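Structure, as structure tokens:
Labels below follow one simple rule: chain letters A, B, ... track the order of the sequence lines, proteins then strands, and each chain is numbered from 1. Keep in mind the model is a prediction, meaning the values are calculated, not measured.
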2 protein chains.
Amino acid sequence: MGIIRKTQSVALLLNEFHDQTTAVSVIELVKRFRAKINKTTIYRVLDKLEDDGVLHSFLGKDGNKWYAKCAGCSKSKHTDLHPHFECVVCGKIDCISVDIQLPEIPNREITSSQLLIQGKCETCHR
Amino acid sequence: MGIIRKTQSVALLLNEFHDQTTAVSVIELVKRFRAKINKTTIYRVLDKLEDDGVLHSFLGKDGNKWYAKCAGCSKSKHTDLHPHFECVVCGKIDCISVDIQLPEIPNREITSSQLLIQGKCETCHR
DNA sequence: TTATATTTGCAACTCAGTTGCATTAACATC
DNA sequence: GATGTTAATGCAACTGAGTTGCAAATATAA
């Protein structure tokens, strides 16, 4: 079940996803909106936005949840299979818009995958 | 700091990693050894075995920790960069021994990566 | 066998994420 | 604009994986 009503929480949260490539962690969002939105609501709104194909989620290296804007996803199908790049210095995570070549695995049926890459981002690189 | 003493816990836990390809979740190990080893000890032993290059760890889709035997890793360097395949039916996770081709990302320095693939395994496939 | 340093168990804790339920607010209808 | 319905929210309490500090146990060297 996705978003049905345009509430204040939905507007505030959506506003945090400025561009198509920068991801935001739920922990960060909870911190950012501590005074305005209850953390339960944050989890629920993000979940619904993912259902609607507006955002996609994935786990960072530490296993915490991150969200980023979807590009070309719909309610029925998430097409976001791009890798994510996590900077080991500043902690930022970006969506990398490249197609990844999954290996051939005999006798197995692949339904989804996620690739998380660690390293130093453009800013922290030098 | 790795393993220094050959204790009973180390022997018991190592024994659970029969083959090179099947991973075991920490949750499962804690459950399996509930009566014999304290869960704190399990976490600590696995951590040390990873330090020593005997096991490698990664996170499953739900963010829980899994361990598997290393092939060709040493105390100083973990060379295990293979993908892991998680069966959505039976929950089993296997190491897939193929080299993955990481995408070129301009201006970023890649230090590590992990690829988790979901689907149906050989057994659950048909 | 003894000394010593590592390992273990235990209990209590941390913290991301979830649940149930009463209250609030969005929105359609009048 | 007022009203009724139902989704959305806040709150408090919970869950469960993983961690920490410390005292007791045990592996190993001497």
If we ignore hydrogens and angles and just use 3.5 Å, is the side chain of [X] paired with the main-chain N or O of [Y] as donor and acceptor?
{"X": "A/E86", "Y": "A/G91", "answer": "no"}
{"X": "B/K69", "Y": "B/F17", "answer": "yes"}
{"X": "A/H125", "Y": "B/R108", "answer": "no"}
{"X": "A/D52", "Y": "A/I3", "answer": "yes"}

Problem - Nearest-nucleotide pick for B/T41, side chain only, options being C/dG9, D/dA8, D/dT9 - result: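 For B/T41, the side-chain atoms sit closest to C/dG9.
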Practice task
Verify the neighbour count for atom CG of A/D19: are there more than 12 heavy atoms of other residues, nucleotides or ligands below 6.0 Å?
Solution key: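 Result for CG/A/D19: enclosed.
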Problem - CD (B/E16) with more than 12 external heavy atoms under 6.0 Å - result: yes
Exercise for the section: Taking the side chain as every heavy atom from C-beta outward, state whether A/K120 and B/T111 have any pair of such atoms under 4.5 Å apart. Expected result: no
Handout entry: Co-members of the apolar cluster containing B/V89 [side chain, <4.5 Å]
Key =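 Besides B/V89, the hydrophobic cluster comprises B/V88, listed by chain and residue number.
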To the nearest Å, give me how far apart [atom1] ([X]) and [atom2] ([N]) are.
{"X": "A/D62", "N": "D/dA17", "atom1": "CG", "atom2": "P", "result": "17 Å"}
{"X": "B/K31", "N": "D/dG16", "atom1": "NZ", "atom2": "P", "result": "11 Å"}
{"X": "B/I37", "N": "D/dA25", "atom1": "CD1", "atom2": "P", "result": "18 Å"}
{"X": "B/L12", "N": "C/dT7", "atom1": "CG", "atom2": "C1'", "result": "14 Å"}
{"X": "A/N64", "N": "D/dG18", "atom1": "CG", "atom2": "P", "result": "12 Å"}
{"X": "A/I27", "N": "C/dT14", "atom1": "CD1", "atom2": "P", "result": "16 Å"}
{"X": "B/E28", "N": "D/dG18", "atom1": "CD", "atom2": "P", "result": "13 Å"}
{"X": "A/L59", "N": "D/dG18", "atom1": "CG", "atom2": "P", "result": "12 Å"}

Practice task
Could you encode protein contacts along nucleotides 18-30 of chain C as a string, one character per nucleotide from 5' to 3', using B for base contact, S for sugar-phosphate-only contact and - for no contact, with a heavy-atom cut-off of under 4.0 Å?
Solution key: BBB----BBS---
Problem - Terminal axis angle for the helix from C/dT1-D/dA30 to C/dC30-D/dG1, five pairs an end, nearest 10 degrees - result: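 Helix axis angle between the two ends: 30°.
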Handout entry: Pair B/Q118, A/Q114: side-chain N/O donor-acceptor within cut-off below 3.5 Å
Key =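 Distance-only check passes for B/Q118 and A/Q114.
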Practice task
Mind checking B/V30 for me? I need base, sugar-phosphate or nothing, with any heavy atom below 4.0 Å counting as a touch.
Solution key: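 Result for B/V30 = nothing.
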